[in-house]
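In what follows, a single structure is set out as structure tokens and then discussed.
The structure displayed is predicted, hence computed values, not measured ones.
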Amino acid sequence: MKGCLLVLLLAGSVHAVTAPSTLIANVQGRTTVSLDGAWRAIVDPFENGKSSGFFRNEKPRSKSDRVEYSFDASPVLNVPGDWNTQREQLMFYEGPVWYRREFAYHTRANIRVFVYFGAANYQTTVYLNGEKLGEHEGGFTAFNFEATSVLRDGDNFLIAEVNNMRRADAVPALKFDWWNYGGITRDVMLIEVPSTFIQDYSVQLERGSQSEISGWVRMNAAQLPQKVSVEIPEAGVRETFNVDRENRARFRFAAKLELWSPAHPKLYDVIISSGDDTVHDQIGFRTIEVKGAKILLNGEPIFLRGISMHEEAPFREGRAFSLEDAQTLLGWVKDLGCNFVRFAHYPHNENEIRLADRMGLMVWSEIPDYWDIDWSNPRTLESAEAQLRDMIARDHNRAAVILWSLSNETPVKPERLTFLKQLALDAREFDSTRLITSAMNHTDKAGPESRTLSDPLGEVLDVLGLNEYMGWYEARLEDIDKMQWKLAWDKPLIVSEFGGGAPYGRHGDADEIWTEEFQDNLYQHQLSMVERMPNLAGITPWVLMDFRSPARMLPGVQDYHNRKGLISNRGQHKMAFYRLQTFYKKIADAGR
Ligand code: GCU
């Protein structure tokens, strides 16, 4: 089987995921019922739950009835929230946990109901009233299942088995440098829609145009003939279109708009309605393109003053999910003087993306094709394509998102290149309006002071991402100043990672590793080196805040944390934070 996938891939014809996303777009603009809160949870290390029928939520019917599990008697876990930081004994737990949420609901005619999960890591199976609704793979993308026919008028019980066990054929695979937080990590809700409803839509400026909007609306169960209208009241726009046999209405029309930019993050109220369904959204309009070695925002070259960050909660740790978490994290990003942020290494929560839209922060969004994965396994490709499709499906109307990243630090080998080339094709098919990139770290060394970014993947990318750890994982601080960089591709370059670790408050000489002085010194050398790099269009140093990682075990220094943050996990700003802040101020003042 593997052999033939490679042949088909080489022939450029494999496309494991063909169906459009089943995700309902813009849940924040829908009628919903939240199911967040305390859920009963059974930790099931030996995976007995399925065979024991936990999904049936059985309770003894008589004093002699033997039922060897009980949600009622089980402790709770908060949803949303990873389980690792909620209970000490679950900090290192990897395996299945069964969650139950009981709720009362009043069903109504002509109202369809979907159960929606913002995310759950990693493999999730959902049951309602004992009936299986569906399965989802991937820890960072949203999913919903229709529940209309199973929902009762009265008491209901929703059960989700969530298993964060790492697998060699999964995305990501067995090794990654972040904590494998398990659980239902984002909001859960019921979405109520009319029997014919607006499934998804794209309302963006036509590529390369600042005055023409093009897009589509995809209906669910359209009753033809059916019309769709798109309104932008503030811009005096109200247009109506017909839905075709494929449940889609495609459109293109002129509009006079203020363009979205970091300096002016203008969002418009956009109203899409069809039949009994109406969806409100806030959408910004901007163009993003590449011209030679430049990235152009609204036709003007832009320098991306960025930082990389994980979706780790400040202060309390664990997976970030709330608007407050996003406000703290992106507030620090703004304090740094950034106009850009790299959400590493997986799609972050919608609160962060929508806040970036409002704050005027451009975004790099990525799927977790991280380090080495099972490149020639069709299941792995299917999972990666589905995660790519669903990442794009949720955020393709966000002006802030300018780059889709396919991978991070993946080894140069034929099956990997074929795999990622397929994803590049998919990404352009799913969304032709944004730029495609990847974070690469494969360089040719033509001598101690010369590096060439020569990864063959560069051929299919619009923008080259480079992770380089000069002065940390390779070369000495003093070598950085002499380092000459070349690119095998004449495309814009983003240095997507550089950095070094230092716990907050650890001080010493500038050449004493693990001290703030060393980290600051490294930034000083790195910043002057990157300024000499060819085609430099932006940087996102590694990393905004210290984060938990099972790969960082140095006692008294790391203690299971990656300490490359410019801010500690308790919000303390390190010396290098101010070094980068000053650098960005200089660049911004110079109008770059
Ligand atoms: C890698 C990787 C990050 C990791 C970082 C580090 O480049 O992309 O996920 O945390 O380096 O080593 O600190």
Side-chain angles (χ1 to χ4, degrees), residues 20-37 79-80 101 103-120 126 128 133-134 136 141-151 156 158 184 186-204 215-223 226-233 243 247-249 267-284 321-323 326 347 349-355 357-358 389-398:
S21 175
T22 57
L23 200 55
I24 295 175
N26 183 17
V27 287
Q28 300 193 359
R30 307 277 179 168
T31 307
T32 58
V33 179
S34 173
L35 294 177
D36 290 349
V79 169
R101 178 73 158 81
F103 62 95
Y105 186 80
H106 176 50
T107 57
R108 281 159 294 142
N110 304 321
I111 295 293
R112 293 168 66 186
V113 180
F114 290 75
V115 176
Y116 171 94
F117 286 71
V126 179
L128 181 63
L133 293 184
H136 181 263
T141 44
F143 54 98
N144 44 244
F145 301 120
E146 178 145 22
T148 316
S149 62
V150 186
L151 205 53
N156 293 269
L158 181 65
I184 303 176
R186 296 178 191 159
D187 297 328
V188 180
M189 58 189 90
L190 301 177
I191 307 175
E192 300 175 330
V193 287
S195 24
T196 295
F197 69 91
I198 296 161
Q199 174 88 39
D200 192 4
Y201 51 86
S202 170
V203 185
Q204 295 278 288
W216 46 265
V217 174
R218 181 156 58 88
M219 298 300 297
N220 187 307
Q223 306 300 319
Q226 177 135 11
K227 291 200 175 307
V228 160
S229 79
V230 178
E231 287 174 71
I232 312 176
V243 178
N247 266 317
R248 262 181 208 256
L267 300 177
Y268 283 86
D269 285 336
V270 175
I271 305 159
I272 298 167
S273 38
S274 183
D276 300 333
D277 200 14
T278 298
V279 181
H280 290 251
D281 205 345
Q282 290 68 46
I283 299 180
F321 57 80
S322 67
L323 184 56
N349 64 73
E350 195 168 353
N351 284 320
E352 286 181 16
I353 297 274
R354 284 192 177 261
L355 186 57
D357 233 15
R358 295 194 293 274
R389 179 199 60 201
D390 294 343
M391 168 176 77
I392 295 176
R394 191 196 71 188
D395 297 335
H396 63 110
N397 285 304
R398 306 280 75 78

Subject >> For Asp357, all residues meeting side-chain hydrogen bond (donor to acceptor under 3.5 Å, both in side chains), sequence neighbours excluded >> reply: Arg398
**OP:** Mark yes or no for whether Asp36, through its side chain, and Val188, through its backbone, hold a donor-acceptor pair below 3.5 Å.
**Re:** yes
Original post:
Considering all heavy atoms of both residues, which atom of Ile271 and which atom of Pro233 are nearest to each other, and what is their separation?
Top reply: CD1-CG, 3.8 Å
Original post:
Going from CG on Leu158 to CZ on Phe103, what distance comes out if it is rounded to the nearest 0.5 angstrom?
Top reply: 6.0 Å
Subject >> Val243 side chain near Lys227 side chain, heavy-atom distance below 4.5 Å >> reply: no
**OP:** Indicate yes or no for a side-chain donor-acceptor contact from Asp200 to the backbone of Ala25 under 3.5 Å, with no hydrogens or angles considered.
**Re:** no
Subject >> Partners passing side-chain hydrogen bond (donor to acceptor under 3.5 Å, both in side chains) against Ser229 (at least two apart in sequence or in another chain) >> reply: Ser273
Original post:
If we ignore angles and hydrogens, is there a donor and acceptor under 3.5 Å between the side chains of Thr148 and Glu146?
Top reply: yes
Original post:
What distance do Ser21 atom OG and Arg218 atom CZ have between them, rounded to the nearest 0.5 Å?
Top reply: 7.0 Å
**OP:** Could you please spell out the steps behind the side chain to side chain contact (heavy atoms under 4.5 Å, CB included) verdict for Gln204 and Ile283?
**Re:** CA-CA 8 Å; Gln204 295 278 288; Ile283 299 180; 4.0 Å; yes
**OP:** Using a 4.5 Å cut-off on heavy atoms from C-beta on, say whether the side chain of Thr196 contacts that of Asp276.
**Re:** no
Subject >> Value rounded to 0.5 Å, distance of NE2 in His136 from CG in Asn144 >> reply: 9.5 Å
Original post:
Is a side-chain donor or acceptor of Asn397 paired with a backbone partner of Val203 at a separation under 3.5 angstrom?
Top reply: yes
Subject >> Shortest non-hydrogen contact from Asn351 toward Ser322 >> reply: ND2-C, 3.7 Å
Subject >> Exercise: identify the closest heavy-atom pair between Ala147 and Val115 >> reply: CB-CG2, 3.9 Å
**OP:** Report yes if some heavy atom in the side chain of Leu23 is under 4.5 Å from a heavy atom in the side chain of Met391; otherwise report no.
**Re:** no
**OP:** Report yes or no: does Gln223 contribute a side-chain atom to a donor-acceptor pair with the main-chain N or O of Ala221 at less than 3.5 Å?
**Re:** yes
Subject >> Worked check of side chain to side chain contact (heavy atoms under 4.5 Å, CB included) between Ile184 and Phe117 >> reply: CA-CA 8 Å; Ile184 303 176; Phe117 286 71; 3.9 Å; yes
Original post:
Could you give all pairs that pass the salt bridge (charged side-chain N to carboxylate O under 4.0 Å, His left out) test and reach residues 190-199, with sequence neighbours left out?
Top reply: Arg108-Glu192
Subject >> Student check: side-chain heavy atoms of Gln282 and Asp269 closer than 4.5 Å >> reply: yes
Original post:
Considering only heavy atoms from C-beta outward, does the side chain of Val228 approach that of Tyr201 to under 4.5 Å?
Top reply: no
Subject >> Taking every non-hydrogen atom, the tightest pair across Ser274 and Gln226 >> reply: OG-NE2, 2.9 Å
**OP:** Identify the residue among Tyr116, Phe114, Tyr105 that makes a side-chain contact (heavy atoms from CB on, under 4.5 Å) with Leu190.
**Re:** Tyr105
Subject >> Straight-line distance of Phe197 CZ to Ile24 CD1, nearest 0.5 Å >> reply: 4.0 Å
Original post:
Taking only residues two or more places apart in sequence, or in another chain, which ones meet Phe321 in a ring pair (Phe, Tyr, Trp, His ring centres under 6.0 Å)?
Top reply: none
Subject >> Approximate separation, where rounding is to 0.5 Å, of Ile111 CD1 and Ile191 CD1 >> reply: 13.0 Å
Original post:
Between Val270 and His280, is any pair of side-chain heavy atoms under 4.5 Å apart?
Top reply: no
**OP:** Before giving the answer on side chain to side chain contact (heavy atoms under 4.5 Å, CB included), spell out for Asn247 and Gln199 the whole-Å C-alpha distance, their side-chain angles and the decisive distance to 0.1 Å.
**Re:** CA-CA 10 Å; Asn247 266 317; Gln199 174 88 39; over 6 Å; no
Subject >> Pair Met189-Leu35, side chain to side chain contact (heavy atoms under 4.5 Å, CB included): steps then yes or no >> reply: CA-CA 5 Å; Met189 58 189 90; Leu35 294 177; 5.8 Å; no
Subject >> Whether Glu352 side chain and Asn349 backbone form a donor-acceptor pair below 3.5 Å >> reply: no
Original post:
Just checking, any donor-acceptor pair under 3.5 angstrom between side chains of Asn26 and Arg354?
Top reply: yes
Subject >> Which residues share a side-chain hydrogen bond (donor to acceptor under 3.5 Å, both in side chains) with Arg101, sequence neighbours left out >> reply: none
**OP:** Measure the CG-CG distance between Leu151 and Asn156 for me, rounded to the nearest 0.5 Å.
**Re:** 4.5 Å
**OP:** Kindly assign one of parallel, tilted or perpendicular to the pair Trp216 and His396, based on the angle between their ring planes and the thresholds 30° and 60°.
**Re:** parallel
**OP:** Sequence neighbours left out, what passes salt bridge (charged side-chain N to carboxylate O under 4.0 Å, His left out) with Arg30? Give chain and number order.
**Re:** Asp277
